[in-house]
Amino acid sequence: MTDYTTRPARTSDVRAIRDIVAPLVSAGRLVAKAAVEYYEGLQQFRVVENDGVVVGCGAVHVIWDDLAEVRTIAVAPEHLGRGAGHALITDLLADAVAIGVKRVFCLTFETEFFGRHGFVPIEGQAVTREVYAELLRSYDEGVAEFLDLERVKPNTLGNTRMLCVLADLPGRVVQPTR
C-alpha cells in the first residue's frame, strides 16, 4: 500500500483538483463545476497527497445541524485501489465528526467503496418533515440530490443515495492527519 497523507486544500491546489475531477465529469460520474465554485468552497475540501503531489480530493459540505454530504470525491486513476481514497474518506469523516455532524450522505456510483466505509443505501427521506421543508429553500444541488427531488433526476441516474451514521463507526473515525 502506498503512503498517503491528507490535508486541508489550499488555493494553489484548485488546478490539481480540477485536473483530477475533469475525467470524472467527462464520464458523467461527477457534476461539472466552474472554477469559481472550487474557490468558493475551498474550505470544505481536503486533498490527498503522495510524495507531495495532490492525487485526490473530496469535500464535506454541511447540509443541516446533524447532516453533511461528502462530495467531489476523486482520485487520480493511477492511485485507484492503492489506499488514497481510504485515507481521504477516513479523514473527511473525521472532519465531519470534528464539526459536530452525526450523519454523512453521498450520492455515488461507487457503492462498494462507500459501503466499506460504513455507508448504506437509503430510500425515502432521512430527515423530518420540518427539516425537509427548510432544506427545500436551499439552492444547492447536493441538497436537492439528498432530498431526491425530481428536478435533479437527470443528473442522478444510476447513482445511489447512501448514508453513514458516524456513531456506527466505533474506532474507525480517527483524527485527520494534518
Side-chain angles (χ1 to χ4, degrees), residues 1-63 67-96 104-122 138-149 151-164 176-177:
M1 191 178 246
T2 306
D3 186 36
Y4 293 103
T5 58
T6 77
R7 63 170 172 76
R10 302 181 196 118
T11 57
S12 58
D13 297 322
V14 170
R15 185 175 307 279
I17 290 169
R18 292 185 72 213
D19 289 346
I20 291 166
V21 168
L24 296 169
V25 169
S26 294
R29 297 182 79 75
L30 287 178
V31 176
K33 292 182 186 177
V36 68
E37 292 179 84
Y38 287 103
Y39 288 108
E40 288 174 342
L42 191 65
Q43 66 277 15
Q44 300 172 6
F45 272 84
R46 182 170 280 280
V47 295
V48 59
E49 295 180 314
N50 176 242
D51 293 329
V53 176
V54 174
V55 300
C57 63
V60 173
H61 178 79
V62 175
I63 295 175
L67 180 66
E69 176 187 12
V70 288
R71 55 171 58 170
T72 321
I73 306 292
V75 172
E78 62 273 18
H79 292 274
L80 290 173
R82 297 173 63 191
H86 172 75
L88 183 62
I89 196 67
T90 298
D91 284 357
L92 288 171
L93 294 177
D95 290 346
V104 178
F105 157 77
C106 71
L107 182 71
T108 186
F109 291 103
E110 304 300 331
T111 56
E112 288 183 30
F113 171 79
F114 283 98
R116 287 192 304 270
H117 292 89
F119 288 78
V120 296
I122 58 171
S138 175
Y139 293 104
D140 187 273
E141 289 300 300
V143 172
E145 292 165 349
F146 173 74
L147 296 176
D148 203 25
L149 300 179
R151 70 178 173 81
V152 295
K153 293 287 188 192
N155 293 335
T156 63
L157 292 177
N159 280 319
T160 300
R161 295 166 61 237
M162 299 183 82
L163 190 70
C164 176
T177 56

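In this text, all values refer to a predicted model and were calculated from it rather than measured experimentally.
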Those residues that, when tested against Thr11, pass side chain to side chain contact (heavy atoms under 4.5 Å, CB included) (two or more places apart): Tyr39, Leu42
Kindly compute the distance separating CZ (Phe109) from CG (Asn159), expressed to the nearest 0.5 Å. 4.0 Å
Roughly how far, to the nearest 0.5 Å, is the CZ atom of Arg161 from the OG1 atom of Thr108? 13.5 Å
Could you pull out all donor-acceptor pairs under 3.5 Å where a side-chain atom in residues 22-36 meets a protein atom, sequence neighbours excluded?
unit_1: Ser26; atom_1: OG; unit_2: Ala22; atom_2: O; d: 3.3
unit_1: Arg29; atom_1: NH2; unit_2: Glu110; atom_2: OE2; d: 2.8
unit_1: Lys33; atom_1: NZ; unit_2: Thr72; atom_2: OG1; d: 2.8

Measure the spacing between CZ of Arg116 and OG1 of Thr111 and express it to the nearest 0.5 Å. 9.5 Å
Mind checking the CD1-CD spacing from Ile63 to Glu69? Nearest 0.5 Å is all I need. 5.0 Å
Val48 and Ala84: which non-hydrogen atoms are nearest, and at how many Å? CG2-O, 3.8 Å
Smallest heavy-atom separation, Gly58 atom then Leu88 atom, equals N-CD2, 3.8 Å
Just say parallel, tilted or perpendicular for the rings of Phe45 and Tyr38, cut-offs at 30° and 60°. tilted
Euclidean distance, Arg15 CZ relative to Ile20 CD1, rounded to 0.5 Å: 13.0 Å
Applying side-chain hydrogen bond (donor to acceptor under 3.5 Å, both in side chains), can you list everything that pairs with Asp13, at least two apart in sequence or on another chain? Arg7
Heavy atoms only: give me the nearest Met162-Gly115 pair and the separation to one decimal. CE-N, 4.0 Å
Residues which pass side chain to side chain contact (heavy atoms under 4.5 Å, CB included) with Val70, listed by chain and number, not counting sequence neighbours: Val60, Ile73, Ile89, Leu92, Val104, Cys106, Phe114, Phe119
Do Tyr4 and Arg82 have side-chain heavy atoms sitting under 4.5 Å apart? yes
Can you check whether Cys57 reaches Val21 side chain to side chain, under 4.5 Å on heavy atoms? yes
How many angstroms lie between atom CD of Glu37 and atom CZ of Arg18, to the nearest 0.5 angstrom? 10.0 Å
Check whether Asn50 reaches the backbone of Asp3 with its side chain - one donor and one acceptor, N or O, closer than 3.5 Å. yes
Applying side chain to side chain contact (heavy atoms under 4.5 Å, CB included), name anything that partners Pro77, two or more places apart in sequence or on another chain. none
Closest approach of Asp95 and Arg46, non-hydrogen atoms and distance? OD2-NE, 2.8 Å
Does a sphere of radius 6.0 Å around CD in Glu112 hold more than 12 heavy atoms from other residues, nucleotides or ligands, not counting ones at 6.0 Å or beyond? no
